[in-house]
Amino acid sequence: MTGADEFFTGVGQISYAGPDSDDPLTFRWYDADRVVAGKRMEDHLRLAVCYWHSFVWSGSDVFGAGTLDRPWNAVGDDPLGAARQKMAAAFEFFAKLGTPFFCFHDRDIAPDGATPAETAARLDAMVDEAAGHMARTGVRLLWGTANLFSHPRYAAGAATNPDPEVFAVAAAQVAHALEATHALGGANYVLWGGREGYETLLNTDLAREEAQLARFIHMVVEHKHRIGFQGTLLIEPKPAEPTKHQYDHDAATVAGFLDRHGLAGEVRLNLEANHATLAGHSFHHEVATAAAAGLLGSIDANRGDAQNGWDTDQFPNSVEECTLALYEILSAGGFTTGGINFDTKLRRQSMARDDLFHGHIGAIDTVARALLAAASLVETGELARFRHERYAGWDGPLGARILDGSHTLVDLRDRVDEDGIDPSPRSGRQELLEQIVSRHIERAR
Ligand code: XLS
Ligand code: CA
Ligand code: CA
């Protein structure tokens, strides 16, 4: 790509140059073909760039206008032409960065039309356009989703709206977005309930809204099977923002919701680091909770800011946080259809076009380095061994009889009295274990 068609002039193909490289437009840790724990790095991490923050967002915030240099967003009187320009810029970026996947909302790639028919036709046209770029560049789709939160009709929710007509419009939109994702060979489809929540309980019927949401997800499951979509359906938990309270609060809340409504086995989780922070959890907690429930799906890698309480979606830069998450993921067998999507946006002052490369390269090196540390933790088995030994009693006769229901409280009282059971506390060794993690991070090469 050269000349007038090129948006990121001055940036070529980003390649691996090793940890000692001083060139910020190279990878120091991400070496796609390097085999780690039996698999290529690229196949472990399954990295994706998100369309919305990177190519749609102009840098505007609630106090001010767009700041970012995004020439493809100059719509004029040709919204579809602008959408095509934006897509050309996006695929130029994906290809130069060398990440294998991207993710999009329906409205990111195709703007709303004046009528539902025009909106649908625009999406179809842009899906065709995307298929062409994907075939040309080899970039694949990690997941698609529907934007059920920007349009004013969704102010009071989509599936959980008090008006069933809004539910109907949302259902039509998701049917189309799922079909678009299927047409593009998407590996997953994500449902994020941005407005599925409430601002005040004074006007909200919680029981009804939960039942509506469950019905909606069942319809999505049914449609997935009807059209033969083989990818995974993922719910993305988030506790709040934009609403005061969102129903898909965190991993444990969604796990309970899926069980209550007979959806277990059909839907897994897309976990975002910044959403964990907002829920008052570590990302490690969210990933471990999902793994324990067999719901691990995919990851939105980013970070929040410790000094403020909103969804800043910054690029991840903590090797330690990513190591702990990847340790859980590798211990659970690694990603299947999921991957790592950078749901990340630049700061509003990072207005130069090539800042998008710097943000992504730093994030990619962070997760690549974390992968090396996590794989080495799994390989030596130091943490797993300690944990296994800590619970060893539960594999012995006493533990087994407690768990299989053969001991009652009275039986246990008798055992304690007769056998003189008097356990002594043992060290949990937290500091030692933290040192083990640090050592693996330091030595990861
Ligand atoms: C917003 C969410 C959203 C989902 C996709 O906070 O992270 O971007 O990932 O709708
Ligand atoms: Ca997200
Ligand atoms: Ca977010």
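Note that the structure is a prediction, hence the values are computed from the model and not measured. If you read the sequence from its start, that first residue is 1, and numbering goes on from there. Start at 1 and go down the list; that is how both ligands and their atoms are numbered.
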inquiry  = For atom 9 (O) of ligand 1, tell me which residue out of Lys238, His275, Glu236 has the closest non-hydrogen atom.
reply    = Glu236
request  = Go through ligand 1 atom by atom and flag the ones less than 4.0 Å from a non-hydrogen atom of Asp311.
outcome  = 6 (O)
message = How far is atom 3 (C) of ligand 1 from the closest protein heavy atom, and which atom is that?
response = Trp192 CE3, 3.6 Å
message = Need the ligand 1 atom indices (1-based, order shown) with element for anything under 4.0 Å from a heavy-atom of Glu272.
response = 7 (O)
message = Looking only at N, O or S atoms in Glu272, which is nearest to the Ca ion (ligand 2)?
response = OE1
Atoms of ligand 1 close to Asp300 [distance to a heavy atom under 4.0 angstrom, numbered from 1] = 9 (O)
query = Side chain of Glu196, backbone of Gly157: donor and acceptor closer than 3.5 Å?
reply = no
query = Is Asp343 close enough that one of its N/O/S atoms sits under 3.0 Å from the Ca ion (ligand 2)?
reply = yes
key: Inter-residue atom distance Leu346.CG - Met351.CE, 0.5 Å rounding   = 11.0 Å
task = Assess whether side-chain contact (heavy atoms from CB on, under 4.5 Å) is satisfied between His261 and Ile217, documenting all intermediate values.
result = CA-CA 10 Å; His261 296 284; Ile217 308 286; over 6 Å; no
query = How long is the gap from CD on Gln246 to OG1 on Thr253, to the nearest 0.5 Å?
reply = 12.0 Å
request  = Measure from the Ca ion (ligand 2) to every N/O/S atom of Glu236 and report the name of the nearest one.
outcome  = OE2
task = Return yes if a side-chain donor-acceptor contact under 3.5 Å exists between Asn147 and Ser150, otherwise no.
result = yes
message = Donor-acceptor pair, distance only, cut-off 3.5 Å: does the side chain of Lys96 make one with the backbone of Val11?
response = yes
query = Would you say Trp143 touches ligand 1, if touching means a heavy atom closer than 4.0 Å?
reply = yes
inquiry  = Can you tell me which portion of Asp343 lies within the under-4.0 Å heavy-atom range of ligand 1? Options are side chain, backbone, both, or neither.
reply    = side chain
message = Out of all atoms in ligand 1, which are within 4.0 Å of some heavy atom of Trp52? Include the element for each.
response = 8 (O)
message = Under a 4.0 angstrom heavy-atom cut-off, which atoms of ligand 1 come close to His105?
response = 5 (C), 10 (O)
request  = Check the pair Arg34, Asp31 against salt bridge (Lys or Arg N to Asp or Glu O under 4.0 Å), reporting the backbone distance first and the verdict last.
outcome  = CA-CA 5 Å; Arg34 174 169 169 191; Asp31 183 3; 5.6 Å; no
key: Of all N/O/S atoms in Asp300, the name of the one nearest the Ca ion (ligand 2)   = OD2
query = Is the Trp143 ring parallel, tilted or perpendicular to the Trp52 ring (thresholds 30°, 60°)?
reply = tilted
task = State whether Asp313 contributes an N/O/S atom found under 3.0 Å from the Ca ion (ligand 3).
result = yes
key: Expected output: side-chain Asn188 to main-chain Leu142 donor-acceptor under 3.5 Å   = yes
ask   = Taking non-hydrogen atoms only, is Val190 closer than 4.0 angstrom to ligand 1 via side chain, backbone, both or neither?
value = neither
